[in-house]
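A short write-up of the structure that comes next.
The model shown is predicted, which means the values in this text are computed figures rather than measured ones.
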Amino acid sequence: MDTVLVRAPWWRRRGRWWMAAAAAVALLVALAAPAAVRWAKAERSIDRARLRLATVERGVLTRDAAAQGRIVAANHPRLFSPVRGTVALAVRAGDLVAAGQVLAEIESPELEAELDGERSALISAESELARQRIAARQRAVAARQEVERLEVSAAAAERELARARTLGDQGLLNQVERDRAEDAVTLARLALGQARQQAELGAEAVEFELADAAARVERQRRAVEELERRIAELAVRAPFAGLVGTVEVEDRDAVAENQALLTVVDLSRYEVEVGIPEVYADDVAAGTRAVVLYDGRPIAAEVVAVSPAVAGGQVEGRVAFRDEAPAGLRQNQRVSVRLVFDRRADVLKVPRGPFYESGGGRAIYVLADDGLAVRREIETGAASVSEIEVTDGLAEGETVVLNDVTAFGGAETVLVR
């Protein structure tokens, strides 16, 4: 019932194992061949986790620039001493003040003494004007009396002439007496005419003298008013409601004319003082749109002033909020500002990365499907804070490496593991 089994040779028993091993080796070679080819083509290799990759897209690019600024009051005038004297402060730095509130007073004995002298001169000028008016009325009365007297004399001479003519016609008066009566009438009329002219000239002279005296009084009154205005300015008042920023003198200090006393800050209007990089100076002008990033949210604004001078590689500018300023702003608070120059539609663009700064936007590595990153020469156009316009060298949908191109040591191909 037993069957005798014949044992096969050793080489036949192990043939199946050799065939399986050969098939496995062939499979490994087939799988490793592409990788080996990539390794052969690559000059360097890098881990994918170390790369920052992006896709070339087509869309709208907003050309802008980032800058740093600080919040400043739009209106913060410095108040000065109008005259030399002693200052008496009524406020301290940080005090809230109302419009018209007295902030400091200047004591000036010299100015007060000058005002007293000008007031005395005004009283004297007014007295002189009053005296001249009385004298003018007296002269006018005297001139009128003289004219009236001469009118009476002329009338009497005319009556004498009439009687002489009547008597002469009756033969009771000789011709000599008649001629004498006619001469008397002529002289009376001449004297009356001269008196009337003298009265008119006297009235004009009096009018001129009174006008001159009145002008002197008016000039003196204006001098007094000017001194009163200057003395009223000795009380330095707040031009608007706000906050006392800085006080540059001590109480009871002796101050000179036009010496700075203190600064008042208008808390109702704020602007942003921004340092614009010199490279963007030609693109920024009054009216340029801006966005102020405050408390994590963008606020619309615009440039209202740009300094013509460059200092420290920057141009100083002023940015004003288009609408009402947000609540909670503080003087000298730091904020970020984005200056918006223009918008370009339908442009090829990539995110901004170290490749742009390191290579000047002239080269970038493009990642192919086989895992090789190939260096490619490109041309770039407009640049914004977050995106770069590509004018030549890339196609939409390609994957690019945004890392610093100098990190690859100038290799033409890099294997991405």
Side-chain angles (χ1 to χ4, degrees), residues 75-91 97-151 191-242 248-249 252-264 266:
N75 193 13
H76 53 284
R78 177 180 294 179
L79 306 182
F80 297 85
S81 172
V83 295
R84 183 180 61 181
T86 303
V87 62
L89 295 176
V91 294
V97 295
Q101 178 178 338
V102 176
L103 307 179
E105 291 187 1
I106 309 297
E107 299 175 2
S108 177
E110 296 178 358
L111 196 60
E112 293 176 356
E114 185 179 354
L115 176 60
D116 291 339
E118 295 296 341
R119 283 175 174 170
S120 298
L122 175 60
I123 293 174
S124 298
E126 290 176 341
S127 299
E128 178 64 19
L129 176 61
R131 186 192 65 77
Q132 289 189 13
R133 284 174 177 170
I134 294 173
R137 288 197 296 269
Q138 291 175 343
R139 291 167 60 183
V141 169
R144 187 167 56 252
Q145 289 176 349
E146 179 66 15
V147 170
E148 291 175 351
R149 185 184 67 79
L150 292 176
E151 287 177 347
L192 177 60
Q194 291 176 347
R196 287 173 176 172
Q197 291 179 355
Q198 288 292 337
E200 292 177 358
L201 291 175
E204 292 180 1
V206 167
E207 183 179 355
F208 175 79
E209 292 174 358
L210 289 178
D212 184 61
R216 289 197 299 268
V217 170
E218 184 63 24
R219 286 195 298 270
Q220 191 62 37
R221 182 178 291 111
R222 290 182 181 275
V224 172
E225 291 175 352
E226 175 62 19
L227 283 174
E228 289 176 343
R229 182 191 65 80
R230 292 179 61 187
I231 288 182
E233 289 180 348
L234 295 181
V236 181
R237 301 179 181 274
F240 44 74
E248 303 184 26
V249 295
R252 309 309 300 177
D253 271 356
V255 295
E257 185 177 359
N258 295 325
Q259 180 176 342
L261 300 178
L262 45 82
T263 302
V264 181
D266 187 357

(request) Search all heavy atoms of Pro77 against all heavy atoms of Pro239 and return the closest pair with its distance. (result) CG-CG, 4.2 Å
(request) Quick one: list whatever passes side-chain hydrogen bond (donor to acceptor under 3.5 Å, both in side chains) with Glu233, sequence neighbours left out. (result) Arg229
(request) Not counting sequence neighbours, which residues clear salt bridge (charged side-chain N to carboxylate O under 4.0 Å, His left out) with Arg216? List them please. (result) Asp212
(message) For a 4.5 angstrom cut-off between non-hydrogen side-chain atoms, does Gln259 reach Val87?
(response) no
(request) Could you name each residue pair satisfying salt bridge (Lys or Arg N to Asp or Glu O under 4.0 Å) that touches residues 255-264, not counting sequence neighbours? (result) none
(request) Any pair with a residue in residues 200-210 that passes side chain to side chain donor-acceptor pair (under 3.5 Å), sequence neighbours left out, goes on the list, sorted by first then second residue, please. (result) Arg139-Glu209
(request) Please list, chain by chain and in numerical order, all residues satisfying salt bridge (charged side-chain N to carboxylate O under 4.0 Å, His left out) with Arg137, sequence neighbours excluded. (result) none
(request) Would you mind listing every salt bridge (Lys or Arg N to Asp or Glu O under 4.0 Å) that reaches into residues 114-126, with sequence neighbours excluded? (result) Arg119-Glu228, Glu126-Arg221
(message) Can you tell me how far apart CZ (Phe80) and CG (Leu262) are? Round to the nearest 0.5 Å.
(response) 10.0 Å
(request) Using the test salt bridge (charged side-chain N to carboxylate O under 4.0 Å, His left out), find all partners of Arg252 that sit at least two apart in sequence or belong to another chain. (result) Glu107
(request) Find out whether Val102 and Val236 are in side-chain contact, i.e. whether some heavy atom of one side chain is under 4.5 Å from a heavy atom of the other. (result) no
Result block: side-chain N/O donor-acceptor pairs under 3.5 angstrom for residues 143-151, not counting sequence neighbours:
residue, atom, partner, partner atom, Å
Glu146, OE1, Arg149, NE, 3.4
Glu146, OE2, Arg149, NH2, 2.7
Glu151, OE2, Arg196, NH2, 2.8

(message) Contact between Thr263 and Leu79 at the side-chain level, heavy atoms closer than 4.5 Å - yes or no?
(response) no
(request) Using side-chain hydrogen bond (donor to acceptor under 3.5 Å, both in side chains) as the criterion, list what pairs up with Gln197, not counting sequence neighbours. (result) none
(request) Look up atom CD1 in Ile134 and atom CD in Gln138, then write down how far apart they are to the nearest 0.5 Å. (result) 7.0 Å
(request) Report yes if some heavy atom in the side chain of Leu111 is under 4.5 Å from a heavy atom in the side chain of Ile106; otherwise report no. (result) no
(message) With rounding to the nearest 0.5 angstrom, report the CZ to OG distance, Arg230 to Ser108.
(response) 8.0 Å
(request) Just jot down the salt bridge (charged side-chain N to carboxylate O under 4.0 Å, His left out) partners of Arg222, sequence neighbours excluded, or say none. (result) Glu218
(request) Report the distance from atom CG of Leu115 to atom CD of Glu226, rounding to the nearest 0.5 Å. (result) 11.0 Å
(message) List the residues meeting side-chain hydrogen bond (donor to acceptor under 3.5 Å, both in side chains) with Gln132, not counting sequence neighbours, and say none if there are none.
(response) Glu128
(message) Please list all pairs meeting side chain to side chain donor-acceptor pair (under 3.5 Å) that have one or both residues in residues 76-88, counting only residues at least two apart or in different chains.
(response) Arg78-Glu248, Arg84-Glu110
(message) Show the nearest heavy-atom pair for residues Ala104 and Leu89, with the distance to one decimal.
(response) CB-CD2, 3.9 Å
(message) Do Leu210 and Arg133 have side chains that approach each other closer than 4.5 Å (heavy atoms only, starting at C-beta)?
(response) yes
